[in-house]
Each structure stands twice: as C-alpha cells, then as structure tokens.
Protein chains: 2
Amino acid sequence: MGGKVIPFETPKSSATQGRILDAAEALFMEHGFEATSLRQITTAANVNLAAVHYHFGSKEDLFEAVLTRRLDPMNQERLALLTRFEHEWAPKPLSCEKILAAMFIPALKLARDPERGGKNFLRLLGRAYADPAPFIRHFLSDQYAVVIARFKAAFGRALPQLPKKELSWRLHFVMGALSFTLAGTDALKLIAALSRGETANDEMLLRRLAPFLIAGLKAPLPDLSELDGEAAAAFLTQQER
Amino acid sequence: MGGKVIPFETPKSSATQGRILDAAEALFMEHGFEATSLRQITTAANVNLAAVHYHFGSKEDLFEAVLTRRLDPMNQERLALLTRFEHEWAPKPLSCEKILAAMFIPALKLARDPERGGKNFLRLLGRAYADPAPFIRHFLSDQYAVVIARFKAAFGRALPQLPKKELSWRLHFVMGALSFTLAGTDALKLIAALSRGETANDEMLLRRLAPFLIAGLKAPLPDLSELDGEAAAAFLTQQER
DNA sequence: GATTCAGTCAAACGTCTGTTTGAATTTTAC
DNA sequence: GTAAAATTCAAACAGACGTTTGACTGAATC
C-alpha cells in the first residue's frame, strides 16, 4: 500500500502505444491488412500519424505487434496445458479430445475476455491465416512452428495407426476448419441466426466444432487405390463428363 | 472443314478482354484483391490501362468477372451432377459420399484443366472466401445461395437424425476446411513436401479431404450439457486457469 | 537551472492508386 | 469507298498511401 502504482508500463508513452494497438486490432480485423490505412488507425486512436513509425517502425511491424500481443501468451498457454494434461494422464497417451481441448481452451479464454481483444482478435487471426502477404505467412509460420510440432507429436501418439503423411493432411484440414470458423463474418451471422438465446456463443461454437474435427481425425484411411470403396468409385467413375 | 473458325468470341476485342481476365486471375490469386493494382494487371496482360474500365467498368467489376467466368459453369455442373445422382439412386436418399462427390468432381475437373484456370483459380476462390471486402462477400453469397441450399437439403436427407442447426454448422465447417485447403499456399508446399511422385496431386488432396469431412458430418451429436462426456468435461473443468 | 531525451506534432516527401478524358486508330457496316 | 461504331492509346486527374523530417513539448538527470 502506498507504493507507486504502475498502470501498465511507462505511464504516458505506452498509453499511446496501447491505443494504437487497440485501434489497429479493430481495423485490421474489419478490413484486413492492405485495406486498412495508417491514417484510419491513428485517427481512431486519437494519435498523431507519425506515432506509428516512432513506436513500431512500419505498418508491417505494427501488424506483427498486434498479433504477437495476444498470440504469444495464448500459444504458451496451449503448450502449458498440453504438458499438464500429458502429466496427468501419463503414461497413457492423451486422447484426441484432450489434445483438442488443449488447443481450444486458451482460445476460448481469449475469446471471452473483451479486455484482451476477445473474439475480434480470433477473427483477425483467422483472417491472417488466409492472407497472401508473404511477411504474414512467414510470421505465422515462425510463431506456430513450435506449437504445431508439439501438437502434431501428441496427435501422432493418440492416433498411432495413422500414417504421418495422413496426419499432416488432417491437421491441415483441422486448421482450415478452425481458421474459417474463427475468421467468419458468416460465423457471426450464423451465431446470431442459429443460436438465439444461448449464453456462451463462442463456447457453443467450438464445442460443436470439436466433435466434428475429432471424428475427422479418427476417420478410416482414405482409399487411394484406383477403384475401391464408394467414395473412390464415385470420384473416378465420374471423372470424364 | 472450310467452315468459319471462331477462336473464342469476337475475334479481337475479347482477345484483350481475355488477356485481362487471365492476368487478373493470376495476380489476384497471388496477392489478393487489395494488393493487386490495375497497372500490374494491364502490364502483365500487355494492354492499355484504360482497357479495364472500358471492358469491365471498375476494378471490383473486373474481380467479379474473374470469379464468374469459372464459378458459374462449375456450380451449374455441381447442381446437374447432384440431380443426376439423385435420379440414379431414387427413391433412396443419396449417401454423404455421393453428395460430396457432386461437390468435388466439378472442382477437380476445373483444377486439372489448365486451359480454364486450373488449380490457380481454386486458390483464388478459397482466398475470396476469407476476404473481408463487403462486395466480395455479397457476391459470393449471391452466387452460392442456390447451390448451398440444394446441397444442404441433400445432406439433410442423408443425415435425417441430425438437427438442422447442427447441419448448418457442420456445412460451415466443411466449407472452411475446403476453402482453406484450396486456398493454401501451404497446401502447395504440403503437396510438394508430402506426396512426391504421386500423379494427380489435386485429386489425392481432395480424396484425403473427403473421408475427413464425411466422418465429421456423421459425427455423434455434440454434448452441449454442462458436465457430460469427456470433451465437455475437459472444456469446462479447465475453464478457470 | 541547464541539459538531455523520449515523445508528440504539423507538414511535407515522393509514389502509387483507381478513374476519366479526348484524340487516334481500327474494325464493321453499307 | 465512305460513314459509323468500337476499341485502343497516352496523358492527366485528384486523392490516398507509407514514410520522413525538423521543430516543439514536458518531464527526468545532473
């Protein structure tokens, strides 16, 4: 008591920095990286245009800072949760459900915390996955390399009968459904249209997604031979007109 | 023999129009809508800058024309194929496999036809799904409204035990995984890295995706009660730190 | 009290954007 | 062969873009 109160960081300068990050987060989410101008951001943040370059260096650096602020803690939380689950269940391998839970719970916690970006940030993240800009793709690859490797290894132990190739593809599909779901403007419309009266909408969303993904992960191996199985037959017999 | 040869449309004017569409398709795919300038497009197409506005009206109209050129025939083919399958199997309802096949086969045919855009166009389409620009979202909604309604009805007959709400969500997830897979720069890298030596890469890709999606569609209903089932328990018990 | 230094500010930098114009050219029609 | 219509072209439009500059502020340091 009576000690000095440090609001967040240095008392004044980073109030500007924070306002820039908040405004940039909201605008990048709404319009994407290219379609958002620094003037829109600095106007929304009530900040001088040059402040962006003073505090962050460039527009690209600002974008990375916006992502890092939320993404870094969330991913560390994911890794910690996965590790905790693994210790709790050792020596048995984790179930797919538990592994997915380790991916989803930190995302859910972030989604329902409006102070820290909330669902808007998850939408921004989903958008970033589909952005063609090379610097964004490189940034996300670097940020996620460790996390993805850890989770892929965990899924590999949970699905030992699944070849590594197949697992890589299925994780790719999982990321796709997840990103699309998080990013969707449509998802927001769907939430409004479909689940009126339900309390925790984001939680409901991901709890619908989880069984879908788990079933997909556990699906029987695809039939890659020429004419075998209903799906493969359907593909091949109709190939020519 | 001896008859008049009509190259594509009117002999010259639409040579320009076609070159613009081709160049725009390639560049929009590579950099997205906002990050691609008309000057890049007209330079690549060896065409005067003003030709874009003369033939298409605006940059947005050009983008829609690029999409429509391939999307419209593909969607009509999808509907025709679905109808054919339904007649072949009548009065039994179609299986999920058949319905998915009706979605995938026209996409596959387009993907392996380099003359008509090939896989580049599918990537462009996947990107468009994730684009925040309102005019793109409206355009895609309008283009797909009929197709999605038809396929949703078909899936509803194939999965009669699934509530409509749930089906809407799962189709959303299906579209997500599909778009992400089609759009991915990563998908191309994955193809290169994982499936060396395989012939029809796109076909392999979609034939891996199909079983994943079918299993997800057929998954048991999610447990939306408070504490029930492994996944739900995992979500809720770990909610606070 | 002078000096330093992080931060803010208005103004301008050069470049690029989508779009428009009006004359020059080519193609079509009679 | 000539009139009309369709297309191409170079040039310019006004405005927005990310970035840089240099003067100005206020509090911290010695």
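Note that this is a predicted model, so its numbers are computed, not measured. Chain identifiers are assigned alphabetically (A, B, ...) following the order of the sequence lines, protein sequences preceding nucleic acid strands; residue numbering begins at 1 within each chain.
- Atom CG of A:Leu38 is separated from atom P of D:dT20 by 11 Å (rounded to the nearest Å).
- As rounded to whole Å, 18 Å separates atom P of C:dC16 from atom CD of B:Glu34.
- If you find the closest nucleotide of DNA chain D to B:Ala50 and to A:Ala50, the one lying nearer the 5' end belongs to B:Ala50.
- When atom types are taken as modelled, the side chain of A:Lys152 and the backbone of A:Leu167 share no donor-acceptor pair closer than 3.5 angstrom.
- Distance alone, capped at 3.5 Å, places no donor-acceptor pair between the A:Arg78 side chain and the A:Ala102 backbone.
- Where A:Ala51 and A:Arg39 each meet DNA chain C at their nearest nucleotide, the meeting point lying more 5' is that of A:Ala51.
- Straight-line distance from the CG atom of A:Asn46 to the P atom of C:dT8: 13 Å, rounded to whole Å.
- Residues A:Trp169 and B:Leu209 form no side-chain contact, since every pair of their non-hydrogen atoms from C-beta on lies 4.5 Å or further apart.
- Partners of B:Asp72 under the side chain to side chain donor-acceptor pair (under 3.5 Å) rule, at least two apart in sequence or in another chain, do not exist in this structure.
- Closest to the A:Tyr54 side chain, of the nucleotides C:dA12, C:dT20, C:dG7, is C:dG7.
- Atom-to-atom, CG of B:Leu49 to P of D:dC13 comes out at 15 Å; the value is rounded to the nearest Å.
- Between the side chain of A:Arg19 and the main chain of A:Asn46, a donor-acceptor pair closer than 3.5 Å is present.
- As rounded to whole Å, 15 Å separates atom C1' of C:dC16 from atom CD1 of B:Ile41.
- When each of B:Val47 and A:Glu60 is assigned the nucleotide of DNA chain D with its nearest heavy atom, B:Val47 is the one assigned upstream, toward the 5' end.
- Listed nucleotides C:dT20, C:dT17, D:dT8 differ in distance to B:His55; the shortest reach to its side chain belongs to D:dT8.
- Using a 4.0 Å heavy-atom cutoff across all strands shown, B:Thr36 reaches sugar-phosphate atoms only and no base atom.
- Residue A:Lys59 has its side chain nearest to D:dG18 when only D:dG18, C:dG7, C:dT19 are considered.
- Remark: C1' of C:dT17 and CG of B:Leu27 are 16 Å apart, rounded to the nearest angstrom.
- Residue B:Thr16 places at least one side-chain N or O under 4.0 Å from the OP1 or OP2 atom of D:dT8.
- Between A:Asn48 and C:dG7 there is no side-chain polar atom (N or O) within less than 4.0 angstrom of OP1 or OP2.
- Along DNA chain C, the nucleotide closest to B:Ala35 and the one closest to B:Gly57 are compared, and the more 5′ of them pairs with B:Ala35.
- Taking atom CG of A:Asp61 as the reference point, atom P of D:dG18 lies 14 Å away to the nearest angstrom.
- The CG-P distance, from A:Leu62 to D:dG18, rounds to 11 Å in whole Å.
- Distance from the side chain of A:Ser37 is smallest to D:dC17 among D:dA11, D:dA6, D:dC17.
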